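Owing to the predicted nature of the structure, the values given are computational and were not obtained by experimental measurement. We use all heavy atoms of the structure for the numbers below, so side chains are in, but hydrogens, waters and symmetry mates are not.
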Amino acid sequence: MNLLRLLVLLALCGPAHGTWDTCGGTCGLRPMASQHGVSRVVGGTDAQPGAWPWIISIQDPWKTGTGHTCGGSLISPQWVLTAAHCFIEARHITMWRVVVGATRLTQLGPEAQVRHIKRLLVHEHYSNITQRNDIALLELDQPVQCSYSIQLACVPDASLRVSELTTCYASGWGSTTARCEFPKRSTDILQEAKVRLIDVNLCNSSGWYRGAIHTHNLCAGYAQGGIDTCQGDSGGPLVCKDNNADYFWLVGVTSWGKGCARARRPGVYTSTQHFYDWILAQMGLRPAVSATPTPQPGFTSSPFQRPRPIPTQLGTFTPCPFPLQRLVQFFTRVQELLQFLRGTKA
């Protein structure tokens, strides 16, 4: 039975001829996530392997240790969304590494995939003084293959009411201490933290950030501080669970903050929804025309088009599509196995 199951997985899931097939046209799913959720980066906890399957580590080969510099999110098999400020002093960008499917950076494991950067696209109006338009895209030299440990993040269009999402998380390999030490040391194991979206007007008020928050920013954390992203988490994902289904939206890119985990100084994120059209344009895609703003069940050909994937009624995860050619391959391999067994039995 185990051998037959293995044949099914090999025939239906891989190795794939087209990398997009391994992603199944879905996004925002967490097939390896624990059903117990996250207990609560600074004030965070170690993430389980595969808990956040779209997060990536951007690594500078000239930096000591693992070279981790920033995080990012896989939004298509060949594109990563991250922060522009990560590359202010970048040199020889095509030699930088992008690690996908990792949890512990010093022990990548067989599920991890490593790529290099083919192209860096920084927002044309990014300002390193005000951190306005702090967003960038990386095109990878080769597409990645999706698996239980590697999935695509969902980028929301204008129809999603982001402010109504209540279950949100930040993750990254950044510093786990809020102390004023320099340089900040990144952690080896991916950290995760549950955070709350904070009203932008409150975040921009006189007792908070005093007008420094832009219209394309989000604030997330806690008024009292204690849990927050920090140096090294830049570019990483802020995700929120959909209110009606078991998948997540990539709503923000970790951008900046005053200190780490301070009261009334929450993390500031670049809104991915605000830059939805910019992302499409840079990737050479056109926005899909949707007749209804409500996500519907099904699969898509792009992580940006509706309808969005909604889990099946049983809550099971489909790791790969089931095209006819895969079924043919499966039955062919079963036939070969039977012939092999007949020939080897005494």
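By the rule that hydrophobic residues join a cluster once side-chain heavy atoms approach within less than 4.5 Å of another member, Leu140 and Met95 end up as members of one cluster. The hydrophobic clustering, which links ILVMFWY residues whose side-chain heavy atoms are closer than 4.5 Å, places Leu121 and Leu280 together. Both Leu218 and Tyr222 belong to a common hydrophobic cluster when Ile, Leu, Val, Met, Phe, Trp and Tyr are linked at side-chain heavy-atom distances under 4.5 angstrom. When the side chains of ILVMFWY residues are joined at heavy-atom separations under 4.5 Å, either directly or via intervening members, Phe87 and Leu74 end up in a single hydrophobic cluster. Linking Ile, Leu, Val, Met, Phe, Trp and Tyr whenever their side-chain heavy atoms come within less than 4.5 Å puts Ile117 and Val80 in one cluster.
The shortest side-chain heavy-atom distance between Gln59 and Leu105 falls under the 4.5 Å cut-off. Using a 4.5 Å heavy-atom threshold, the side chains of Val239 and Val251 count as separate. Between Glu192 and Gln48 there is no side-chain heavy-atom pair separated by less than 4.5 Å. Val253 places none of its side-chain heavy atoms less than 4.5 Å from the side chain of Asp134. Proximity of Leu238 to Leu197: side-chain heavy atoms (C-beta onward) are separated by under 4.5 Å at one or more points. Within the 4.5 Å cutoff, the side chain of Gln191 has heavy atoms near those of the Asp46 side chain. Under the 4.5 Å side-chain criterion, counting only non-hydrogen atoms from C-beta, Arg30 is in contact with Pro53. Under the 4.5 Å side-chain criterion, counting only non-hydrogen atoms from C-beta, Cys86 is not in contact with Ile58.
Considering NE2 of His85 and SG of Cys70, their distance stands at 5.0 Å, rounded to 0.5 Å. Here NE2 of His116 is found 8.5 Å from OG1 of Thr94. Values are rounded to the nearest 0.5 Å. One finds the CD1 atom of Ile279 at 4.5 Å from the CD1 atom of Ile135 (value rounded to the nearest 0.5 Å). Note that the CG atom of Leu120 and the CD atom of Glu139 stand 11.0 Å from one another [nearest 0.5 Å].
Ring pair Phe275/Trp278 is perpendicular by interplanar angle, where above 60° counts as perpendicular and below 30° as parallel. The aromatic rings of Trp54 and Phe248 sit tilted relative to each other, their planes meeting at an angle between 30° and 60°.
The shortest heavy-atom contact between Trp249 and Leu165 is CD1-CD1, 4.2 Å. Annotation for Gln131 and Asn128: closest pair NE2-O, 3.2 Å, computed over non-hydrogen atoms. Taking each heavy atom of Ser255 and Thr270 in turn, the nearest pair found is CB-OG1, 3.8 Å. What you find for Thr272 and Pro156 is that their closest heavy atoms are OG1-CD, 3.5 Å. Across all their heavy atoms, Leu202 and Trp208 have their closest contact at O-CG, 3.3 Å. Contact detail for Pro266 and Ala220: the closest heavy-atom pair is CB-O, 3.5 Å.
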Could you give me the CA-CA distance, side-chain angles and deciding distance for Ile55 and Trp173, then say whether side chain to side chain contact (heavy atoms under 4.5 Å, CB included) is met? CA-CA 10 Å; Ile55 193 169; Trp173 288 276; 3.9 Å; yes
Given the rule in the side chain to side chain contact (heavy atoms under 4.5 Å, CB included) test, do Cys240 and Val162 qualify, once you have shown the distances and angles that lead to the verdict? CA-CA 8 Å; Cys240 297; Val162 172; 5.6 Å; no
Test side chain to side chain contact (heavy atoms under 4.5 Å, CB included) on Ile75 and Met283 and set out the steps. CA-CA 11 Å; Ile75 60 173; Met283 295 175 63; 3.8 Å; yes
Before giving the answer on side chain to side chain contact (heavy atoms under 4.5 Å, CB included), spell out for Arg97 and Arg115 the whole-Å C-alpha distance, their side-chain angles and the decisive distance to 0.1 Å. CA-CA 6 Å; Arg97 301 198 322 165; Arg115 298 291 184 270; over 6 Å; no
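Within the 3.5 Å criterion, the main-chain N or O of Asn133 finds a donor-acceptor partner in the side chain of His216. Looking at Tyr209, its side chain does come within 3.5 Å of a backbone N or O of Lys258 through a donor-acceptor pair. Looking only at distances, no side-chain donor or acceptor of His92 sits under 3.5 Å from a matching main-chain atom of Pro61. A donor-acceptor contact shorter than 3.5 Å is absent between the side chain of Gln151 and the backbone of Pro31. The main-chain N or O of Ala212 is found under 3.5 Å from a side-chain atom of Asn204 such that the two form a donor-acceptor pair.
A donor and an acceptor atom, one from each side chain of Gln273 and Ser271, are nowhere located under 3.5 Å apart.
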